[in-house]
Each structure stands twice: as C-alpha cells, then as structure tokens.
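First comes the structure, then the notes that go with it.
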2 protein chains.
Amino acid sequence: MARLPLPLPAMLLLLLAVLSVAAAAATSRPHPLDPLSPAEITAVRAAVLASPLVPARPLAFHYVGLDEPDKPDVLAYAYGGGTARRRARRRPLQRRALVIARAGGQSHELRLEVARNGSSSATATVLSHAVHRGAGFPTLTLEEQFAAVALPPAYPPFVDSVRRRGVDMADVLCAVFPVGWFGDAGAPRRVAKMLCFVAGATANFYARPIEGVTMVVDLDRMAIVGYRDRVSYPVPKAEGTDYRAGKTGPPLAGPQPAPGVVVQPEGRGFHIDGNIVRWANWEFHVGFDMRAGTVISLASVHDADAGTRRRVLYRGFVSEVFVPYMDPVEEWYYRTFLDAGEYGLGLWAFPLQPGADCPANAAYFDGFYAGQDGKPVSGENRICVFERYAGDIAWRHTEAGFPDRLITEVRPDVTLVVRMVVSPGNYDYILDWEFKTSGSIKFVVSLTGLLEVKGTPFTHADEITADAHGTLVSENTLAIYHDHYVTYHLDLDVDGTNNSFVKNVITTRRNTGDPATGGADTPRRSYWTVRREVAETEADGQVDVDAGPADLVFVNPGKKTRLGNEVGYRLIPAGATAASVLADDDYPQRRASYTKKQVRVTPYSKPEKWAPGLYADQSTGDDGLAAWSGRNRGIRDEDLVLWYTLGLHHIPYQEDFPVMPTLSGGFELRPSNFFERNPILRARPASTHGHSANCSCDA
Amino acid sequence: MARLPLPLPAMLLLLLAVLSVAAAAATSRPHPLDPLSPAEITAVRAAVLASPLVPARPLAFHYVGLDEPDKPDVLAYAYGGGTARRRARRRPLQRRALVIARAGGQSHELRLEVARNGSSSATATVLSHAVHRGAGFPTLTLEEQFAAVALPPAYPPFVDSVRRRGVDMADVLCAVFPVGWFGDAGAPRRVAKMLCFVAGATANFYARPIEGVTMVVDLDRMAIVGYRDRVSYPVPKAEGTDYRAGKTGPPLAGPQPAPGVVVQPEGRGFHIDGNIVRWANWEFHVGFDMRAGTVISLASVHDADAGTRRRVLYRGFVSEVFVPYMDPVEEWYYRTFLDAGEYGLGLWAFPLQPGADCPANAAYFDGFYAGQDGKPVSGENRICVFERYAGDIAWRHTEAGFPDRLITEVRPDVTLVVRMVVSPGNYDYILDWEFKTSGSIKFVVSLTGLLEVKGTPFTHADEITADAHGTLVSENTLAIYHDHYVTYHLDLDVDGTNNSFVKNVITTRRNTGDPATGGADTPRRSYWTVRREVAETEADGQVDVDAGPADLVFVNPGKKTRLGNEVGYRLIPAGATAASVLADDDYPQRRASYTKKQVRVTPYSKPEKWAPGLYADQSTGDDGLAAWSGRNRGIRDEDLVLWYTLGLHHIPYQEDFPVMPTLSGGFELRPSNFFERNPILRARPASTHGHSANCSCDA
C-alpha cells in the first residue's frame with residue numbers, strides 16, 4: 001500500500017481519518033493481481049511446512065510469489081461489463097501462490113490456494129507439488145549468501161592467501177557469485193563461487209579485490225568444497241575508492257546547480273487506491289515480485305474522444321538482466337550473471353531515498369517478500385511514483401504563415417514516472433516506466449553504481465602489452481569489459497487481447513515514371529515506401545532493430561480507425577540497442593541466446609515469464625525464451641507478448657570509477673493509429689507562468 | 001543580452017539599478033563571438049549600400065552574420081594566459097561580418113570590418129567582394145516570401161483553379177517552397193514554387209491543401225512564371241484540423257496532470273554575463289545566427305580535481321535540416337527541404353512562451369538579425385536557458401554487502417538546458433542542448449507541429465489500391481512519408497585543439513586457451529575485446545553507427561591521464577539513427593549525400609560550416625560536406641570537426657494529426673578518460689527533502 005512520507009496539517013489528518021473509515025471497506029477489497037500480503041505469505045509458509053509432500057528438513061524458501069489467476073479471469077474481473085463483472089466481483093478470484101523450495105537436495109515446486117480472512121489473516125492449501133527434474137536451480141536466498149560469506153575467514157587455505165597478500169582478515173568481505181554452466185557432465189551440485197574483497201578504509205570493497213582466488217561453496221551443504229589460489233596480484237589501494245559523502249576528499253568547492261524543488265500547489269495529480277494508480281488518462285496496477293521487482297498490469301488509457309477506456313498492456317516486468325564479463329581467465333570466465341533469475345530484482349531492490357532517488361512530490365509502495373524461512377519481510381519504499389515537470393513540451397506549433405498575425409500554441413508536458421532501483425551487488429539499475437498523456441509509455445534503464453574490477457600489477461597503460469580485457473581505471477585496477485542486457489516481458493493487449501505483429505519495412509523504390517507502378521513522370525529518381533509484413537510465426541517475430549529500417553507495430557487486427565487504419569502501438573528504440581556478439585556455442589550465450597536479437601514476439605503462455613527459464617542458476621538454455629520461440633508457433637491474430645532486450649556494450653572509462661555517473665538507454669511504446677487523432681489536442685494550455693493562478697510561487 | 005521576464009520586488013529593482021551602472025562598463029566589453037548587434041547590422045547595411053562594388057539596385061540582404069575571427073585569435077582571447085591574454089584584451093579582436101546579397105541578378109559575397117563605437121553605434125568597411133559563380137542561391141528572405149504569396153490571388157489561372165474547387169479566395173493562403181535541383185541544364189533562374197491552402201475556419205491551412213496545382217514564381221522578377229493545374233482533388237474539410245485552444249472542440253473534460261512549478265528558493269544557479277553563461281562546472285558562449293539559430297561556443301568544463309578549466313567544444317550549431325518527402329508525383333517530388341540553408345533556422349525561430357515552451361525559472365536571449373532591407377530586426381526570446389529538475393539521478397549506490405549495515409549514497413541530477421524552437425513552416429523543431437555536471441552534453445531534437453498532407457479523394461483506407469506514398473490521417477487527407485535529418489556541426493576541441501578520431505571496435509574472439517593470445521585454459525569459448533582504430537583520413541571518419549558495435553571517441557593524442565589512457569569524449573547515439581535510403585544518383589540525395597552515414601569527421605576549415613554548401617537553394621551537391629570530405633584529408637592529430645546527423649524515417653500516423661505529439665531523439669557527448677575519476681564524486685548530497693532547509697516549500 002502506498003504511503004505518503006510527508007507531514008500533513010492536522011485538518012487534513014482529521015479528514016483523512018474520516019475518509020479512511022469509509023475507505024476501509026473499499027481498500028479491503030484486494031485486487032487479484034496484488035502481491036501476496038504478509039498474512040498470505042505467513043499462511044503459505046505454514047501450509048508448506050505442514051504438508052506431508054515435502055518432509056525433508058531443512059526446507060528453504062527460494063521463491064514465494066503470486067501465481068496470478070488465469071488471464072481470462074483477470075480480464076473479466078477488470079474489464080468485464082455487466083453480468084460477468086458483477087459475478088466476478090461477488091466471488092473474488094481464487095488467489096494462488098507459487099513456492100519454489102529446496103529440501104532434501106531437490107527443488108520443489110508447490111502451488112497453493114490462498115484465502116484471505118479479512119486483511120490480517122489468511123489460510124493456504126497446497127494444490128500441487130512437483131520435484132524439478134531438469135537443469136538449473138532456483139534464485140539464491142539472501143540468507144544463504146550471508147551464511148556462505150561467513151565461511152572463508154575460518155577456512156585455512158583462505159587465511160593463508162589473505163596473510164600472503166598482507167591483508168588484515170578483519171577487513172575482508174566476500175560475496176557469492178553464481179557459477180553459470182559450462183557443459184559439466186554428471187549431476188550438478190548446487191554450488192556457487194565466492195569472491196573476496198578488502199574493505200578496510202573504504203566502503204567500496206569491490207574496488208579492492210583479492211584477485212587470483214577461486215572458492216567454491218556448496219550451498220546445500222553450506223561448506224567450501226573447492227579452492228584455488230592461482231596467482232597473487234596487488235590489492236588496489238583504498239585511497240580514492242570511497243563514494244560516501246565526507247569520505248571522498250574535500251567537499252566540492254566549485255559552483256553547482258541551485259537547489260530546486262517541484263511544488264504542486266493543488267497537490268498531486270495521481271490517485272492511489274490500494275495498488276491501483278490513476279493519473280490523467282492512465283490507469284494501471286502496480287505489483288511487486290521477488291524476482292521481477294515492479295510489475296505493471298492492466299494498463300489502460302482513457303480515450304477522451306471515444307469516451308471509453310482502452311487496453312494497452314496486460315502485464316509487464318523486467319524478465320532478466322544478463323551481464324556477461326569478457327575475461328576468459330579462471331577467476332572471471334564464469335561471471336555471466338542473470339541478475340533476475342540468480343539474485344532476484346525484487347530481493348535486491350532497496351529503500352528509495354526521498355528527495356534524492358525520487359523527488360519530494362513522490363509517493364511510495366513497499367514490497368513484501370518471503371525470507372528463506374518463509375516468513376514475510378517488509379521492503380520499505382521499493383517503488384516510487386511521481387509527476388515529472390522536466391520542462392518538456394507535449395506539442396506545439398507557431399504559425400507564421402498568416403500575414404497579419406503570429407499564432408502560437410504550446411502545451412507543456414507533465415509525465416508520471418514509476419521507479420524502482422535494483423542494486424544486485426556492485427551495479428545499480430534505475431528502472432523507470434514513464435507514462436505520457438499522449439498515450440506513450442517510455443522505458444528508461446539507467447546504469448550507475450560500481451564497476452567490477454580485477455587486481456593487476458599494472459599502474460600505467462604503457463605497461464600493458466597484451467589484451468588486458470578491460471580498461472585501467474586506477475592503479476592496479478582493471479575494469480573488465482562487459483555487457484548489460486535488460487529484457488522486458490511486455491504482454492501488450494492493444495485495444496484487446498488478440499494482436500498481430502507488423503513490420504512496416506522502409507523500402508527504397510526507383511521512380512518508374514509510371515503511376516501504375518507508384519511512379520510519376522517527374523525527374524525524381526527514388527523514394528521509399530512501406531512494405532507491410534505481418535508476422536505469421538515466431539521466426540518472423542525475431543527482429544534485429546539495427547538491421548534495416550522498419551516501424552515495428554503491434555496491431556489489433558480486429559480494430560480499425562474510422563479511416564480503416566489498424567489500431568496499434570509501435571516500438572521505438574532510444575539508444576542501447578546492442579546485441580550479444582558472443583559465439584552461439586559459448587555457454588553463457590546458450591543460456592541467454594535470446595540476446596542476439598532485441599525483439600522477440602511469442603504467443604502468450606502463462607508459464608513463459610522468465611527469459612532464461614524458470615531455474616536460472618546453472619541453467620543450460622534448454623528452457624526459456626529461445627527454446628519456447630524455437631517451436632515457431634503462430635503469432636498472427638493471437639494473444640502476443642513482446643520481449644524487448646535493451647543492450648549495452650560497456651567499455652569502462654575512468655569516469656566510471658569509483659562510482660559511475662548514470663548512463664541511460666530505453667525505448668518507447670507509442671500509439672500508432674490507436675487514436676483517431678492526437679489524444680492531447682484538447683489539453684489545457686498552461687496558465688501564464690505555467691502554474692495555477694492561486695499559487696504564491698512567483699520567484 | 002539575456003532578459004529576466006519575471007517581475008522583481010522593488011528593493012531588488014533598486015539593487016539591480018545600482019549594479020547595472022557598475023556592470024555597464026563590464027558588459028560593454030563584447031565578446032568576439034557575440035552576434036552582430038543592431039548597431040553593427042546598421043553599420044554593415046550602410047557600408048554595403050554605400051559601396052561602389054555593388055551598384056545594382058534593388059539590393060536585397062539574404063544573409064548578414066558574424067564572420068567570426070580566426071580560431072587561433074579567438075582561442076588566444078578566451079584561453080590565452082599571461083601576455084597573450086593581456087595583449088588580446090587590450091586590442092579587441094577585429095569584428096567582421098559576412099553579407100550575401102542579391103542585386104542585378106547575382107549573388108554577392110561581401111566581407112566587412114565592423115568597429116564598435118560604444119554600445120549603440122558602429123562603423124563598417126567593406127573588405128572584399130565577390131560574385132558567386134557556382135551553383136545555388138542564398139537563403140530566401142522572409143519579405144520576398146510574403147511578397148510572392150501575395151501574387152496568386154491576382155493571377156487569373158489560379159483564380160480559376162480556386163473557383164473550380166469551390167473555394168473562397170479570401171480563405172486562401174500560400175507559402176513558398178524551394179524547387180531543389182533536378183539536373184536542369186542551362187543557367188538557373190532563382191525560382192521557387194508556391195503551394196496554396198485554405199484557411200477559413202481553421203488556422204491549420206496546411207491540412208487543407210489546394211492539391212494538384214504547381215505554381216512557379218521568379219523571386220528576382222517577383223512574378224509567376226509557370227503554372228499548371230494538373231488534377232483537382234477535394235480540399236479536406238476544416239473540421240477537426242484546428243489546434244488553437246478553444247477551437248479544438250469541447251475543453252478536455254478528463255483528468256490531467258496536476259499543475260506544478262519548479263521553485264528555486266535560492267534563486268537561479270546560472271549566471272549570464274552578456275552572452276557568456278556560467279553554470280556549475282560549465283562555461284560557454286551563446287550566439288545566434290540567421291541560418292544556424294543557436295551557436296554554442298567555447299564550451300569548457302571546470303575540472304575540480306585538477307583545479308583547471310578544460311576545453312570541450314569550440315563551436316557547435318545545427319548546420320542543416322534535410323527533409324525529403326517520398327511522393328514522386330508532380331506536386332510533391334521536389335519537396336526535399338534544406339531548412340537551414342533555404343529558410344534559415346534563426347529566421348524561423350519565434351518567441352518562446354514562458355511557462356510553456358520553457359519553465360518559469362528560465363532566462364531568455366533575444367536574437368537580432370537583418371531583414372531583407374538590411375535593417376536590424378529584434379527577435380525576442382529566441383533562446384531560453386533553464387535548470388531542469390526532472391527527478392533524475394546523477395549517481396548512486398546501495399551497498400548491501402556489509403552484514404551489519406546498509407549503505408546508500410544518492411546524488412540527484414540537475415542539468416542546464418539551452419533551448420530554441422524553429423518553426424520553418426509546418427514543422428516545429430525543439431532543439432535542446434543539455435549540460436550535465438558529469439561533463440556530458442546531451443543533444444535532443446523533438447519533432448512536433450503540423451504534417452504536410454496531400455489532398456486525395458480517399459476517405460477510407462480500403463479505397464486505396466495502389467501505393468499512396470503516405471498514411472490516410474483524415475478524410476481526403478494523406479500524410480506523405482518523409483525523413484528528417486538534423487546535422488550538427490561540432491568543432492570538438494577535447495582538452496585542446498588537435499584531436500584524433502578513434503573507433504574502439506567491439507570484436508569477438510574465440511578463447512584460444514592460451515594466455516599468450518589473450519585466452520585462458522577455461523571452458524569459456526568466446527568474449528569480446530576492443531580493437532582500437534585511429535582514423536587517418538576522412539574516409540576513415542565516415543561511420544554508420546548501426547553497422548557494427550564500436551565506441552566512437554574523440555581523443556587528444558597529446559594528453560593522457562595519469563594512468564596513460566588518452567583523454568577523450570565519446571559519442572553515444574540515443575535513438576533517431578536512421579540514414580537516408582534514397583538512391584545515390586537521385587537529385588535530393590546528391591544535394592545531401594552526407595546523410596548516408598550519421599558520423600563524418602573533417603579537419604577544421606573555417607568556411608566549412610554548411611553541410612550542403614554555402615548556397616543551399618538549388619544546390620547541386622558540388623559543394624558541401626560530402627565534397628569536402630571526399631578530398632580525404634588527414635584527420636589524425638588534427639583540429640577536427642564532428643558532423644553528426646540524427647535521422648528519422650517518418651511514417652505518419654493518425655495521432656500526428658492535426659498536430660503531432662513530440663517525438664524525440666538525440667545523442668550524448670560523454671567524457672571518456674577525460675577525467676581521472678568520476679567528476680561528480682564529491683557532489684553534495686541532497687538535503688533531507690531534496691531542497692534547502694530554509695524553503696517553506698513543504699507540500
């Protein structure tokens with residue numbers, strides 16, 4: 001539930017108290033897509049532990065999340081008119097949970113029915129149980145990572161390694177790194193590797209790796225089962241690595257921007273009702289999941305001209321974040337992270353700082369998740385929502401063609417941002433959804449945080465004679481080349497469930513001179529036109545956006561405008577269109593083969609959520625997006641899902657050290673013949689100084 | 001000079017009056033790159049008209065602009081230390097003007113020396129004169145366009161055409177369209193075409209073309225010399241085309257964003273001294289030119305760590321905007337605009353609306369230019385400058401690796417935007433320069449305004465059986481496919497004048513298993529590394545940014561960081577990377593052949609400013625960027641200029657009608673080993689609610 005973190009005058013507080021009694025009845029009706037509440041998580045835990053289906057102990061909860069109701073039921077609930085709606089509302093949709101637990105050396109999948117008894121109590125019943133027989137393991141828990149990193153200081157070979165490098169063990173910190181998969185034969189064990197670093201005088205221990213050591217920990221046995229100290233390199237110095245205020249050296253003496261704050265004299269323009277957000281012409285549901293983080297569902301836009309609300313997106317979330325490093329050496333070759341599936345984006349989201357991560361006018365959502373023991377944990381301020389006044393323009397025109405007057409019409413743009421920040425170790429990912437009154441949704445990923453660096457003897461680039469696989473960013477510090485691929489699962493339902501994927505291919509034509517073939521008897525020699533290709537099967541739905549110019553449109557083949565154009569939304573990349581260049585037979589590439597093309601389109605299938613497959617840790621690529629779409633299913637006039645992968649090749653530079661200034665990329669989903677005309681044609685002009693007349697804000 | 005458009009309390013007014021007396025002496029020392037002042041324009045006019053070198057009359061001024069001093073002199077003035085600086089400051093640099101005038105059926109180039117006598121008077125002397133013997137004509141004047149469009153209502157064939165279409169001549173408006181060049185033999189005449197439209201009940205006459213008519217006007221004779229009424233199509237209706245508030249139908253009844261305004265409790269953070277802007281760690285000069293509009297010069301960033309100011313950009317501006325349409329028919333084939341060279345971006349910039357085009361906290365620059373008669377014209381509020389508080393993050397990190405505490409550091413981002421809007425007819429181009437304290441400059445082009453449409457008998461897409469070369473966006477209204485190419489001239493001087501252009505090519509390698517060849521004995525099969533290619537000649541400097549992954553870096557080969565990395569800035573495209581697909585032998589493509597690659601690098605040469613050449617109207621492509629760089633000059637360790645062309649293929653959609661919601665694309669120039677470390681590492685954290693403690697802004 002959203003909280004307002006700013007203080008309220010007493011009158012407003014009283015009013016709110018009065019209203020909240022009235023609202024209690026309304027907000028106590030949860031939405032079928034709401035994340036599991038603490039009471040529901042508690043009930044799920046109890047039911048799992050009480051079930052005779054998984055007797056082995058200890059039992060660790062690796063994933064607990066909403067197993068959302070089937071799509072037709074949710075659509076009927078949200079959009080079904082008349083009798084269906086009343087029926088759906090009388091009997092709330094059955095709530096279900098999915099649990100992935102480890103016990104007895106196996107991964108167990110349990111599906112449960114969850115029933116709420118009021119707002120603070122619930123009961124759950126196990127519906128089904130299966131043991132995972134395929135490759136891969138579930139997301140790592142926070143607790144087992146903290147348990148694992150407590151092992152090295154008591155492990156004699158590591159004590160030796162530390163002592164040999166002249167490091168004080170009290171300054172050492174370790175972190176758990178997934179091993180990936182490299183074709184190992186035989187039954188895999190649930191192992192991970194651990195890398196250790198030196199904190200000491202700095203908080204930035206990532207900048208001070210104990211290089212050359214490989215440590216393997218068996219997470220099920222919670223014991224170190226492999227160790228190699230291959231080579232000793234200097235530990236980079238602490239000086240210059242810290243990023244904490246007051247620890248970075250003298251305070252900034254130079255000029256800087258003036259302080260400023262957005263003031264909303266009439267209060268906020270958005271309304272939060274439970275997990276539903278309503279703003280301007282948009283309405284959507286905000287959910288939270290341990291693995292995906294923010295989930296945006298049932299996003300619809302009100303068409304003022306038509307007088308109806310129209311569907312755009314059923315369910316959207318970040319499905320995976322693939323981050324392969326580019327050094328083949330022993331201690332680096334396996335760093336090929338799948339941050340959502342191995343670590344969990346929701347698990348590694350942390351509290352947003354008001355006035356810094358999000359501006360003063362933001363509201364916040366908490367995120368509840370389950371700990372390894374299955375008990376609910378409250379994640380404060382995981383998602384924020386705010387109106388952005390960036391000074392942008394929504395549309396304008398100055399008309400100088402009239403001889404007697406100049407006409408100018410300008411409409412400033414105010415947008416709504418839904419933000420989450422995920423910090424899965426060294427990197428920070430700022431993940432924004434930006435809703436515009438024009439009907440567009442802009443997605444922006446901003447990278448910041450800390451580089452992963454390798455200790456090296458080099459203190460100057462001139463000393464480097466062979467490929468160092470990275471940039472020397474500080475003395476004894478190589479920042480290794482790597483990629484980031486952020487894959488979005490976007491179940492677009494453009495004005496309805498069944499859509500088609502159309503490529504409007506920009507095609508050059510010679511002027512034949514003959515109107516019968518599109519030409520004309522003029523000296524113009526060429527032009528481009530549009531060759532419209534409707535994707536029939538999944539093979540047609542795989543697109544390299546940089547291969548050739550085309551507009552990529554998701555249309556509703558059953559809906560046309562009054563002029564006969566198919567209603568649609570198009571995808572417009574905005575930077576970060578890198579695709580993976582790893583060899584197709586390379587193991588990390590096999591596990592994330594979908595990263596060779598930015599766009600993939602599949603027919604909707606509820607289990608198909610996670611691009612590398614359900615079990616990402618040590619996955620082999622046999623499950624997941626590439627495997628599913630390899631079946632080449634039909635995607636014409638079907639319920640479609642867009643998988644868009646935003647990619648960046650990262651050659652590090654010294655500016656990225658010790659912490660990186662944000663680097664952003666994204667894409668836009670933009671209405672394309674969705675509306676009969678510009679949907680904000682009738683937007684209200686700004687008042688004289690851009691704010692309402694009764695504000696005493698004049699500076 | 002910048003003006004503050006907001007009212008000031010009386011006390012402040014008094015203070016300002018006192019200060020202005022003191023400042024008068026300071027601001028009366030103009031900068032050598034300042035645009036010509038009204039007094040200087042007046043003096044230039046007088047000198048030209050008095051000169052015996054151009055006796056023919058009438059004489060029309062088509063271009064009057066600063067012919068800036070030679071680069072070494074400007075650099076010595078701006079950055080020369082010690083004796084050179086004092087010397088340069090004692091004797092102000094000679095000011096010069098370039099005039100392109102038409103007289104006697106010829107284009108005359110005059111260069112003049114201009115001497116200021118105080119702030120309100122000047123004298124000018126003609127230094128040189130030449131008659132243009134090559135192809136092409138200068139920018140059209142506003143006055144001749146208004147004179148030309150007054151001709152059709154008195155031209156009998158046009159009167160007939162209008163009557164036959166059932167249109168009232170009183171509602172008719174015409175506009176002048178350049179003819180381009182299509183291989184005509186013989187001596188070209190300075191003609192243009194005119195297209196006419198019906199206003200009447202709407203201001204959006206572009207939506208109501210009188211289709212099928214071609215009218216040729218001789219601009220030198222100011223007479224219609226060609227006419228053809230080839231075919232008559234319905235004039236689209238006025239209903240639904242207007243965009244003026246109150247004329248678009250019922251006011252917006254639906255929910256919309258809350259009003260909001262940025263409040264700066266300590267006032268602005270930027271300082272304007274004449275045409276110099278100083279903000280945070282940036283300093284630059286803002287100029288204005290009839291053809292380019294905004295000119296940013298001498299942009300340098302203060303390096304707090306080094307304690308010095310360091311150069312980034314000598315001079316940057318939009319060099320050309322190429323907008324070819326894709327219908328080969330008689331009335332459309334020649335619409336292949338070069339908006340800067342044919343119309344003039346500065347000439348077609350209009351007053352920015354405070355609180356709408358720019359937020360309430362903006363300051364403004366006027367732009368002075370010369371009319372056709374050579375007299376100065378004041379262009380109010382052509383450029384605005386404002387601090388943007390978009391709620392973005394400059395850098396952050398949350399560290400969860402310590403078992404006993406969570407560390408979070410966040411620095412919010414405030415940037416400085418310099419904005420101009422150009423409306424050369426139907427389109428509006430919002431051209432933003434965004435300066436970041438991280439040292440980046442982000443360039444954003446936002447398209448909005450009105451589509452160019454073609455009258456057609458069709459009222460439904462099903463009626464269209466052949467290639468219509470466009471989208472039916474309203475009844476009887478086809479919006480024709482077209483492209484936009486916005487070319488920036490950016491004379492980067494990265495930490496000094498001589499730079500090299502380096503491509504850090506992302507190159508896949510197999511793991512050889514052998515450290516001697518970059519490999520390692522691990523199961524990893526592939527990785528990418530960087531193959532560094534230094535461009536030797538201009539051929540190497542032509543890059544298709546979508547052809548293959550590479551970081552494109554402008555380095556200073558004479559400057560390295562302490563770690564031995566070459567100091568540089570890299571170019572990061574952010575959407576809008578379309579390149580032209582027209583045939584190489586097609587006439588418009590020959591005139592703008594540089595649009596086949598987004599990146600071109602040339603050695604600095606002062607006359608090389610305008611991508612299609614100095615004379616763009618009816619240019620033939622024999623001059624301009626492609627011709628210059630075809631000489632394949634050396635670009636290694638030279639004074640370089642980056643020409644970056646942002647491109648968009650525009651398939652229109654109904655949302656673009658009657659006025660288009662903004663569509664944006666851009667690119668970033670980002671420091672890359674320019675700084676020894678993150679230059680904003682020591683940025684001040686935000687105070688608790690993101691604004692300073694003494695603000696009474698809590699909402």
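FYI, side chains are in, hydrogens and waters are out, and symmetry mates aren't considered; it's all heavy atoms of this structure. This structure is a prediction, so every number in the text was calculated from the model and none was measured. Within every chain, numbering begins at 1; the chains are lettered A, B, ... in the order of the sequence lines, protein sequences first and strands thereafter.
- Only the side chain of A:Gln353 comes within contact range of chain B, with heavy atoms under 4.5 Å apart.
- For chain B, the option among A:Asp521, A:Val530, A:Val417 with the highest count of heavy-atom pairs below 4.5 Å is A:Val530.
- The contact between A:Ile407 and chain B is made entirely by side chain atoms (from C-beta outward), counting heavy-atom distances below 4.5 Å.
- Side-chain N or O atoms of A:Arg524 include none that pairs as donor or acceptor with a backbone N or O of B:Glu330 at under 3.5 Å.
- Contacts of A:Glu655 with chain B are made by both backbone and side-chain atoms, with heavy-atom separations under 4.5 Å.
- For the side chain to side chain contact (heavy atoms under 4.5 Å, CB included) criterion with B:Pro257, the lone passing option out of A:Asn281, A:Val414, A:Asp413 is A:Val414.
- With a 4.5 Å cut-off on non-hydrogen atoms, A:Phe675 touches chain B through its backbone and its side chain both.
- With chain B as the partner, the residue from A:Val329, A:Thr662, A:Asp462 showing the most heavy-atom pairs under 4.5 Å is A:Thr662.
- Using a 4.5 Å cut-off between heavy atoms, A:Ala175 makes no contact with chain B at all.
- For the set B:Gly425, B:Ser446, B:Ala466, B:Pro351, the entry with the most heavy-atom pairs within less than 4.5 Å of chain A is B:Gly425.
- Judged by distance alone, the side chain of B:Arg244 and the main-chain N or O of A:Glu409 form no donor-acceptor pair under 3.5 Å.
- Between the side chain of B:Asp586 and the backbone N or O of A:Arg525, at least one donor-acceptor pair lies under 3.5 Å.
- Put simply, CZ on A:Arg677 and OG on B:Ser474 are 7.5 Å apart, with the number rounded to the nearest 0.5 Å.
- Of the listed residues (A:Ala390, A:Ser440, A:Pro549, A:Ala583), the greatest number of heavy-atom pairs within a distance under 4.5 Å of chain B belongs to A:Ala390.
- Using a cutoff of 4.0 Å between basic side-chain nitrogens and carboxylate oxygens, A:Asp585 and B:Arg510 are scored as salt-bridged.
- No other option in B:Asp546, B:Ile393, B:Asp428, B:Thr448 has as many heavy-atom pairs under 4.5 Å with chain A as B:Asp428.
- With chain A as partner, the option from B:Gly575, B:Pro523, B:Pro412 having the largest number of non-hydrogen pairs under 4.5 angstrom is B:Pro523.
- For B:Ala400, the parts lying under 4.5 angstrom from a heavy atom of chain A are both the backbone and the side chain.
- Among A:Thr508, A:Leu663, A:Ile572, the residue making the largest number of heavy-atom pairs under 4.5 Å with chain B is A:Leu663.
- In this structure, chain B has heavy atoms under 4.5 Å from both the backbone and the side chain of A:Glu475.
- Heavy atoms of B:Glu676 lying under 4.5 Å from chain A belong to its backbone as well as its side chain.
- Both the backbone and the side chain of B:Pro661 come within less than 4.5 Å of a heavy atom of chain A.
- When heavy atoms are compared at a cutoff of 4.5 Å, A:Ser438 approaches chain B solely by way of its side chain, counted from C-beta outward.
- For a residue to count as touching a neighbouring chain, one of its non-hydrogen atoms must lie under 4.5 Å from one of that chain's; by this rule A:Thr437 touches chain B with the side chain only.
- Not a single donor-acceptor pair under 3.5 Å links the side chain of A:Thr561 to the backbone N or O of A:Asn673.
- Of the listed residues (B:Leu406, B:Val581, B:Thr522, B:Asp467), the greatest number of heavy-atom pairs within a distance under 4.5 Å of chain A belongs to B:Thr522.
- Distance alone, capped at 3.5 Å, is enough to place a donor-acceptor pair between the A:His469 side chain and the B:Gly518 backbone.
- No donor-acceptor pair under 3.5 Å is formed between the side chain of B:Ser672 and the backbone N or O of A:Tyr653.
- Between B:Pro259 and A:Pro265, the closest heavy-atom pair is O-CD, 3.6 Å.
- Only the side chain of A:Thr408 comes within less than 4.5 Å of a heavy atom of chain B; its backbone N, CA, C and O stay farther away.
- Of the atoms belonging to A:Ile430, it is side-chain heavy atoms, and not backbone ones, that fall under 4.5 Å from chain B.
- Neither the backbone nor the side chain of A:Ala578 comes within less than 4.5 Å of any heavy atom of chain B.
- The shortest heavy-atom contact between B:Val410 and B:Arg396 is CG2-NH2, 3.8 Å.
- Of the residues considered (A:Pro515, A:Pro573, A:Gly665, A:Gly401), A:Gly401 shows the highest number of contacts with chain B, using heavy-atom pairs under 4.5 Å.
- With a 4.5 Å cut-off on non-hydrogen atoms, A:Leu416 does not touch chain B at all.
- Nearest heavy-atom pair across A:Ala362 and A:Arg268 is O-NH2, 2.8 Å.
- A donor-acceptor pair under 3.5 Å is absent between the side-chain atoms of B:Asn511 and the main chain of B:Gly519, judged by distance alone.
- Of the listed residues B:Trp279, B:Phe182, B:Phe146, B:Tyr243, the one with more heavy-atom pairs under 4.5 angstrom with chain A than any other is B:Tyr243.
- Between A:Glu399 and B:Leu450, the closest side-chain pair of non-hydrogen atoms falls below 4.5 Å.
- Between chain B and the options A:Asp656, A:Val421, A:Thr459, A:Asp327, heavy-atom pairs under 4.5 Å are most frequent for A:Val421.
- Aromatic pair B:Phe205/A:Phe402: ring centres closer than 6.0 Å.
- Heavy atoms closer than 4.5 Å to chain B are found nowhere in A:Arg278, neither backbone nor side chain.
- Only the side chain of B:Leu173 comes within contact range of chain A, with at least one heavy atom under 4.5 Å from a heavy atom of that chain.
- For the set B:Ser526, B:Gly269, B:Gly564, B:Ala461, the count of heavy-atom pairs under 4.5 angstrom toward chain A peaks at B:Ser526.
- Heavy atoms closer than 4.5 Å to chain B are found nowhere in A:Ala516, neither backbone nor side chain.
- Taking 4.5 Å as the limit, some side-chain heavy atom of B:Arg411 sits within range of a side-chain heavy atom of B:Pro685.
- A:Asn565 places a side-chain N or O within donor-acceptor distance of the main-chain N or O of B:Leu472, the cut-off being under 3.5 Å.
- Heavy atoms closer than 4.5 Å to chain A are found nowhere in B:Thr415, neither backbone nor side chain.
- Using cut-offs of 30° and 60° on the angle between ring planes, the pair A:Tyr481 and B:Trp528 is parallel.
- B:Ile651 touches chain A through backbone and side chain together, each having a heavy atom under 4.5 Å away.
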